[in-house]
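Worth saying up front: this structure is predicted, and the values here are computed from it rather than measured. Letters A, B, ... mirror the listed sequences (proteins, then strands); counts begin at 1.
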Amino acid sequence: MNIFRLAGDLSHLAAIIILLLKIWKTRSCAGISGKSQILFALVFTTRYLDLLTSFISLYNTCMKIIYIGCAYATVHLIYMKFKATYDGNHDTFRIEFLIVPVGGLSFLVNHDFSPLEILWTFSIYLESVAILPQLFLISKTGEAETITTHYLFCLGVYRALYLFNWIWRFYFEGFFDMIAIVAGVVQTILYCDFFYLYVTKGEKVAIPS
Amino acid sequence: QDHINPKDEL
């Protein structure tokens, strides 16, 4: 564990908690893409199946359980409890256009052709594009609530910090995983447009459609 | 296989 990975995990956890609290406290999921949340729940489910097969550390296990729990709780709040506030008219990104190519790619480019490894690879590729429905929704509505921009900022920073973690691990441990690194770079690049607006606009972020 | 990822990251 290094400072970049810890900061990244905490930023990721903060994003997940911010979103869950925002929906719970305001009793509304307006401006939130349910489709992105479904993709994140799918990412965690396919990546953390090793909860059943291997124990890394208490930290690792606890965080995985928290991530999966919060992801499904968020999907539940959006599609069940606060369904009436779900912005279905603007949340129209076709996620099958993400899942199918990512699924195909995970079969073609992976480290090992075993079920767990392919599912892990699928989750890595899917996570890199999972935020697209959310960014698409904001570009359609033309604005995002301040709390939503904080959520997106923390979510974007988490993978950027992981990039530094991989540099650190390559330098000190000789460890590197090209699949995770390339997907992480793509994922971080997708946030750049948002980061620019978040930093320059401060308040209401309006992503030009 | 070099650089096997221990999957110790979240």
Check: What distance do M63(A) atom CE and E9(B) atom CD have between them, rounded to the nearest 0.5 Å?
Finding: 12.5 Å
Next item on the list: Output the distance between atom CD1 (I124(A)) and atom CG (N5(B)), rounded to the nearest 0.5 Å.
Entry: 8.0 Å
Check: Checking heavy atoms, do the side chain of E173(A), its backbone, both or neither come under 4.5 Å from chain B?
Finding: neither
Note to self: Using modelled atom types and a 3.5 Å cut-off, is there a donor and acceptor pairing between side-chain atoms of N60(A) and backbone atoms of D8(B)?
What the structure shows: yes
Next item on the list: Against chain B, work out which of R169(A), K64(A), M1(A) has the most heavy-atom pairs shorter than 4.5 Å and name it.
Entry: R169(A)
Does a sphere of radius 6.0 Å around [atom1] in [X] hold more than 12 heavy atoms from other residues, nucleotides or ligands, not counting ones at 6.0 Å or beyond?
X       : atom1 : result
Y79(A)  : OH    : yes
F172(A) : CZ    : yes
Y59(A)  : OH    : yes

Item checked: Residue pair Y162(A) / L10(B): nearest heavy atoms and the distance that separates them -> OH-N, 3.4 Å
